[in-house]
Protein chains: 2
Amino acid sequence: MTLAYSLDDPRTARPAAALTEVMDRLGTKMTFARDEEIYAQGDDVEFMYRLAKGVIRTSRVTADGRRQVGDFYYPGDLFGLEVGPDHQFSAEALTDCEIQMVRRGSVRAFAGDAELDRAILEATRRELQRVQDHVLLLGRKSAREKVAAFLMSLAQRDPSADVELPMGRQDMADYLGLTIETVSRMLTQLQGDAIVEFPSFRRFHVKKWQALEELVD
Amino acid sequence: MTLAYSLDDPRTARPAAALTEVMDRLGTKMTFARDEEIYAQGDDVEFMYRLAKGVIRTSRVTADGRRQVGDFYYPGDLFGLEVGPDHQFSAEALTDCEIQMVRRGSVRAFAGDAELDRAILEATRRELQRVQDHVLLLGRKSAREKVAAFLMSLAQRDPSADVELPMGRQDMADYLGLTIETVSRMLTQLQGDAIVEFPSFRRFHVKKWQALEELVD
DNA sequence: CGGTTAATTGAACGCATTCAACACGAGTGG
DNA sequence: CCACTCGTGTTGAATGCGTTCAATTAACCG
């Protein structure tokens with residue numbers, strides 16, 4: 001039932017079965033290497049994408065070179081759902097990726113299926129909600145809270161003991177509206193307070209969930 | 001044709017005819033007085049709304065009282081398109097308003113009309129794009145640039161010589177992720193540079209479009 | 001091992017905030 | 001018409017958070 005689906009946490013929700021199925025049938029699976037670009041800012045919007053393996057990042061760059069990371073996408077996530085005609089964001093593979101791609105036109109032609117349209121709408125709505133949370137984070141949170149919220153969201157996605165950070169500090173900074181130095185300082189600070197622990201640069205685990213939650217909202 | 005429609009500037013685009021028509025047929029027109037609440041954060045998502053007259057603001061407040069304004073809506077705009085089950089934002093009338101309201105269920109029942117679903121999807125997509133622009137503004141722009149971008153967007157909406165500001169300084173600040181004092185300082189600064197002029201607190205016009213554009217991107 | 005990139009740390013700076021005082025405008029009543 | 005008040009906006013001075021610039025350290029990879 002589609003309604004119950006919409007109640008899910010937008011961070012972890014998965015696209016509706018109808019959509020997944022159609023994409024598998026009509027689309028192509030492609031692989032991208034680490035740091036490869038999937039589409040560029042300004043490209044025509046031609047495809048819909050579902051990430052099967054790996055992690056990707058969307059970002060946009062202003063005329064004078066400032067970069068804003070839109071979001072990070074994990075296996076199961078749809079991305080590239082832009083208004084078009086051309087991409088406002090670029091998408092790059094953070095790790096080696098497998099991506100199911102399907103032409104928009106193919107999906108549209110196959111439609112008439114109201115359930116399919118609904119699934120795309122649901123995916124767009126979840127995207128909207130995530131972006132709105134991002135707005136709150138950028139507009140009204142301190143550096144410490146931003147970094148805490150970011151680690152929290154990763155830890156929620158990946159419930160394993162040790163959470164992997166597929167992105168570097170610069171990506172985190174550009175997502176959070178901070179500099180790498182500030183991100184780094186906040187990470188060591190959170191570690192100093194024994195709230196999280198970093199066995200290596202790209203790996204951490206939460207030690208005090210409650211303290212982290214209090215920082216986040 | 002729906003495709004051409006999606007190419008429009010999301011700030012000024014209007015909902016597709018199909019949707020407008022259905023909302024008029026099935027909905028009710030209600031009036032709200034200045035400062036009245038249309039729905040509250042946490043309320044069930046029951047309706048879709050189209051603003052007929054006036055200006056409204058959506059906002060959300062964190063547990064510790066920090067406020068983030070989501071957006072401002074003008075006549076013709078759809079709002080309240082949230083993921084549900086309950087509103088993450090509240091909506092308040094900035095001026096006396098007339099609002100066309102229609103139950104989600106009514107729209108859904110009337111559907112089967114693929115065009116209708118498409119129209120809602122389009123509206124959601126435009127909303128998404130606006131929020132994404134908001135992210136860029138909050139994450140990577142200085143106070144001066146934020147205020148300039150805000151005035152710019154208002155001036156584009158309202159092509160008349162004198163643009164009215166339906167919102168107060170606090171609303172602007174909470175939209176831009178700043179304090180009222182900073183907003184005020186930037187306004188006087190932009191006025192000092194003869195880029196804009198304020199004949200009164202709630203009214204301005206652009207004097208140097210080019211200088212303003214350069215500040216915005 | 002070096003050589004290279006990424007991350008951390010330190011110190012000085014600057015933009016936006018905070019706290020406080022002041023100005024302005026609208027509304028009310030004498 | 002003026003005096004008073006209240007809400008809203010502006011301005012000033014001091015503080016502080018995050019940035020900037022620079023140096024150092026750590027990880028990765030041949």
Side-chain angles (χ1 to χ4, degrees), chain A residues 33-35 57 62 64-69 92 94-96 137-151 162 164-193 196-204 215, chain B residues 34-35 57 62 64-69 92 94-95 137-151 154 164-193 196-204 215:
Chain A
R34 184 166 135 65
D35 289 332
R57 152 197 87 211
T62 61
D64 61 343
R66 282 175 282 185
R67 194 175 74 131
Q68 177 67 49
V69 168
E92 298 97 20
L94 280 176
T95 66
D96 294 345
L137 178 122
L138 291 171
R140 287 296 177 219
K141 287 193 193 292
S142 69
R144 188 181 161 92
E145 292 168 327
K146 285 176 175 180
V147 172
F150 184 73
L151 295 180
D162 252 36
E164 173 151 10
L165 284 168
M167 69 294 290
R169 299 292 189 264
Q170 186 65 59
D171 285 332
M172 294 175 55
D174 288 343
Y175 177 77
L176 298 173
L178 299 171
T179 60
I180 39 171
E181 293 95 330
T182 302
V183 169
S184 181
R185 274 182 252 272
M186 295 304 117
L187 288 175
T188 52
Q189 195 182 301
L190 289 171
Q191 224 179 159
D193 298 345
V196 295
E197 192 171 52
F198 280 76
S200 83
F201 286 165
R202 293 293 189 105
R203 194 165 284 283
F204 77 98
L215 268 174
Chain B
R34 184 166 136 64
D35 290 330
R57 154 196 86 212
T62 61
D64 61 345
R66 282 175 282 185
R67 194 175 75 131
Q68 176 67 50
V69 167
E92 299 97 20
L94 280 175
T95 66
L137 177 124
L138 291 172
R140 288 296 180 220
K141 286 194 193 293
S142 68
R144 188 181 161 91
E145 291 169 329
K146 285 176 174 178
V147 172
F150 184 73
L151 295 181
L154 286 183
E164 173 151 10
L165 284 167
M167 69 293 289
R169 299 293 189 264
Q170 187 65 59
D171 285 331
M172 295 175 55
D174 288 343
Y175 177 78
L176 299 172
L178 298 170
T179 59
I180 39 171
E181 293 95 330
T182 301
V183 168
S184 181
R185 273 184 252 274
M186 294 304 117
L187 288 175
T188 52
Q189 193 181 301
L190 288 171
Q191 225 179 156
D193 298 345
V196 296
E197 193 172 52
F198 280 75
S200 81
F201 287 163
R202 294 292 189 104
R203 195 166 283 283
F204 77 97
L215 269 175

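In what follows, chains carry the letters A, B, and so on, assigned in the order in which the sequence lines appear, proteins first and then strands, with residues in each chain numbered from 1.
Only B/Glu181, B/Ser184, B/Arg185, listed by number, bring a heavy atom of residues 177-185 of chain B to less than 4.0 angstrom from any atom of DNA chain D.
Looking at A/Asp193 and A/Gln189, their side chains never bring a donor and an acceptor atom within 3.5 Å of each other.
Running 5' to 3' along DNA chain D, contacts with non-hydrogen atoms of chain B at under 4.0 Å begin and end at D/dG9 to D/dA13. Taking a heavy-atom distance under 4.0 Å as the criterion, the stretch of DNA chain C touched by chain B extends 5' to 3' from C/dA16 to C/dC19.
Residue-level contact check: A/Ser142 touches the backbone only, with heavy atoms under 4.0 Å from sugar-phosphate atoms and none from bases. Nucleic acid contact class of A/Ser200 (heavy atoms, under 4.0 Å, all strands): none. Residue B/Arg202 is classed as a sugar-phosphate contact, given heavy-atom separations below 4.0 Å to backbone atoms only.
Formation of a donor-acceptor pair under 3.5 Å by the B/Arg202 side chain with backbone atoms of B/Pro166 is found in this model. Panel note: side chain B/Arg140, backbone A/Leu178; a donor-acceptor pair is recorded below 3.5 Å. Under the 3.5 Å distance criterion, the side-chain polar atoms of A/Arg66 are left unmatched by any main-chain donor or acceptor of B/Lys141. Not one N or O on the side chain of B/Arg144 forms a donor-acceptor pair closer than 3.5 Å with the backbone of B/Met186.
Checked against ring pair (Phe, Tyr, Trp, His ring centres under 6.0 Å), B/Phe204 has the following partners two or more places apart in sequence or in another chain: B/Phe198. Residues passing the ring pair (Phe, Tyr, Trp, His ring centres under 6.0 Å) test with B/Phe201, sequence neighbours excluded: none.
Here the OG1 atom belonging to B/Thr179 is positioned 8.5 Å from the CD atom belonging to B/Gln170, to the nearest 0.5 angstrom. From A/Leu138, atom CG reaches atom CD of A/Gln68 across 5.5 Å, with rounding to the nearest 0.5 Å. Between atom CZ of residue B/Arg57 and atom CG of residue B/Leu94 there is a gap of 5.0 Å, rounded to the nearest 0.5 Å. One finds the CZ atom of A/Phe150 at 9.5 Å from the CG atom of A/Leu187 (value rounded to the nearest 0.5 Å).
Nearest-nucleotide mapping onto DNA chain C: of B/Met186 and A/Met167, the residue sitting toward the 5' end is A/Met167.
Side-chain contact check for A/Asp96 versus A/Arg34: some heavy-atom pair is nearer than 4.5 Å. In this structure the side chain of B/Glu92 never reaches within 4.5 angstrom of the side chain of B/Asp171, judged on heavy atoms.
In this structure, the helix from C/dC1-D/dG30 to C/dG30-D/dC1 shows an angle of 30° between the axis at its start and the axis at its end, each fitted on 5 base pairs and rounded to 10°.
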